Protein chains: 4
Amino acid sequence: MALNGKHSPVKEAVSRRIAESLRSKILSGSLQPGQRIRQEILAEEFGASRLPVRAALSILESDGLVTLVPTPAHGR
Amino acid sequence: MALNGKHSPVKEAVSRRIAESLRSKILSGSLQPGQRIRQEILAEEFGASRLPVRAALSILESDGLVTLVPTPAHGR
Amino acid sequence: MALNGKHSPVKEAVSRRIAESLRSKILSGSLQPGQRIRQEILAEEFGASRLPVRAALSILESDGLVTLVPTPAHGR
Amino acid sequence: MALNGKHSPVKEAVSRRIAESLRSKILSGSLQPGQRIRQEILAEEFGASRLPVRAALSILESDGLVTLVPTPAHGR
DNA sequence: GTGGTCTAGACCACA
DNA sequence: GTGGTCTAGACCACT
């Protein structure tokens, strides 16, 4: 029952919003296995900062929908 | 022999040891992008359980050396 | 009675349950900034171990609802 | 033995550099308990992105030098 | 089978 | 004492 005065509860919903969207894309096959997920890109697509994006990925990792893999090409 | 028994002053952390090892392998190119990392294998190699292995991956993720991707599908 | 016994389809996660609860308390102002959070207490309140509690805090950190600060010194 | 060609090994040292710096400040008392740590500020101070900052904080958390506390004032 | 998650129990360092 | 960390063992969902 958080009030709107100082901090909008809307903000936290963002992470779940992003999570749900990604969930759909993954389950529907839009996002292939091994497919890089650019946090910055996602952030921009959802008009959010990278914080909720990270939160969303955390959630999806909990669901086993995303996994950690090496990213040697960090020069790219 | 389930307990640790010893510690270093303020810098124990099996996870960091594992993280450093993986870091080297990634930077040296031993681990390719999208390369599956068998957590159990790593755990055995380091004589540790899976917990510190996951912790190590988290650290590397913070460093941008590993990335979250749609569940790579085990067999591929 | 150490085992879980049951699960929800694809969205279990004791950690998320805890995270949501804490999220509410923070947004509602029940938890003040810099307020110590006793992990053991939380664990007991939720009938869980300390592991999911820490996981929940991680999630909230991704959401920017909790922050890392220099070890608050227990007694203060 | 990472080569300098594509990715500079210097980059990862950054997180440790930051970690060591913060460690000193905390132990010397420059950073008080409960003191907020602004990841963005740190990032700028070290001329780095927020990724190595997060990595540094992860390391310090492993050392028990920083802890997670609520940040209700996210409207500030 | 593999990853992700959790319990329960135990240890150390710091305050 | 408290937090942070680890082991060992076990369960489920998805591939």
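Residue numbers begin at 1 in each chain, while the letters A, B, ... track the order of the sequences. Worth saying up front: this structure is predicted, and the values here are computed from it rather than measured.
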Pairwise side-chain contact, [X] with [Y], heavy-atom cut-off 4.5 Å (strictly under):
X	Y	answer
D:Leu65	C:Pro70	no
D:Ile18	D:Ile59	no
D:Leu42	D:Leu22	yes

task: Would you sketch DNA chain E in dot-bracket for me? Only Watson-Crick or G-U wobble pairs with both distances under 3.5 Å count, crossing pairs as [ ], other-strand pairs as |, the rest as dots.
output: ||||||||||||||.
- prompt: Quick one: is E:dT5 close enough that its OP1 or OP2 comes under 4.0 Å of any side-chain N or O from A:Ser62?
  reply: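 Yes.
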task: Give D:Leu68 one of three labels, base, sugar-phosphate or nothing, depending on what nucleic acid heavy atoms sit under 4.0 Å from its own.
output: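 Nothing: the residue D:Leu68, judged by heavy atoms under 4.0 Å, touches no strand.
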- request: Scan D:Leu27 against the nucleic acid and name what it touches under 4.0 Å (heavy atoms): base, sugar-phosphate only, or nothing.
  value: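 Answer is nothing: D:Leu27 stays at 4.0 Å or more from every strand.
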task: Apply the side chain to side chain contact (heavy atoms under 4.5 Å, CB included) test between C:Leu57 and each candidate in D:Val69, D:Thr67, D:Leu68; give the one that qualifies.
output: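 When side chain to side chain contact (heavy atoms under 4.5 Å, CB included) is applied between C:Leu57 and each of D:Val69, D:Thr67, D:Leu68, only D:Leu68 qualifies.
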field: Whether D:Ser21 side chain and D:Arg17 backbone form a donor-acceptor pair below 3.5 Å
entry: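 Checked: no pair found.
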task: Using modelled atom types only, decide if a donor and an acceptor are shared between the side chain of C:Ser28 and the backbone of C:Ser24 within a distance under 3.5 Å.
output: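 Yes; at least one donor-acceptor contact below 3.5 Å.
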message: Check this for me: does the side-chain of C:Arg50 come within 3.5 Å of the base of F:dG4 through a donor and an acceptor?
response: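 Check passes, donor-acceptor contact within cut-off.
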Rounded distance (Å) that lies between atom [atom2] of [N] and atom [atom1] of [X]:
X	N	atom1	atom2	value
B:Ile37	E:dG4	CD1	P	11 Å
C:Arg54	E:dT7	CZ	C1'	16 Å
B:Leu57	E:dT2	CG	C1'	14 Å
C:Arg17	E:dC6	CZ	C1'	15 Å
C:Ile59	E:dC6	CD1	C1'	14 Å
C:Arg36	F:dG3	CZ	C1'	8 Å
A:Asp63	E:dC6	CG	C1'	15 Å
B:Arg16	F:dG4	CZ	P	13 Å

field: Those residues that, when tested against B:Glu44, pass salt bridge (Lys or Arg N to Asp or Glu O under 4.0 Å) (two or more places apart)
entry: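 Here no residue qualifies.
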Cationic N near anionic O, under 4.0 Å, [X] to [Y]:
X	Y	answer
B:Arg38	B:Glu45	no
D:Glu61	C:Arg54	yes
B:Glu20	D:Arg16	yes

Nearest to side-chain heavy atoms of [X], which nucleotide of [options]:
X	options	result
B:Val14	F:dC6, E:dG3, F:dG4	F:dC6
C:Ser15	E:dT5, F:dT7, E:dT7	E:dT5
B:Arg38	E:dT7, E:dG3, F:dA8	E:dG3

message: Give the residues of residues 39-48 of chain B touching DNA chain E, defined as any heavy atom closer than 4.0 Å, sorted by residue number.
response: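 Per residue number, the list reads B:Gln39.
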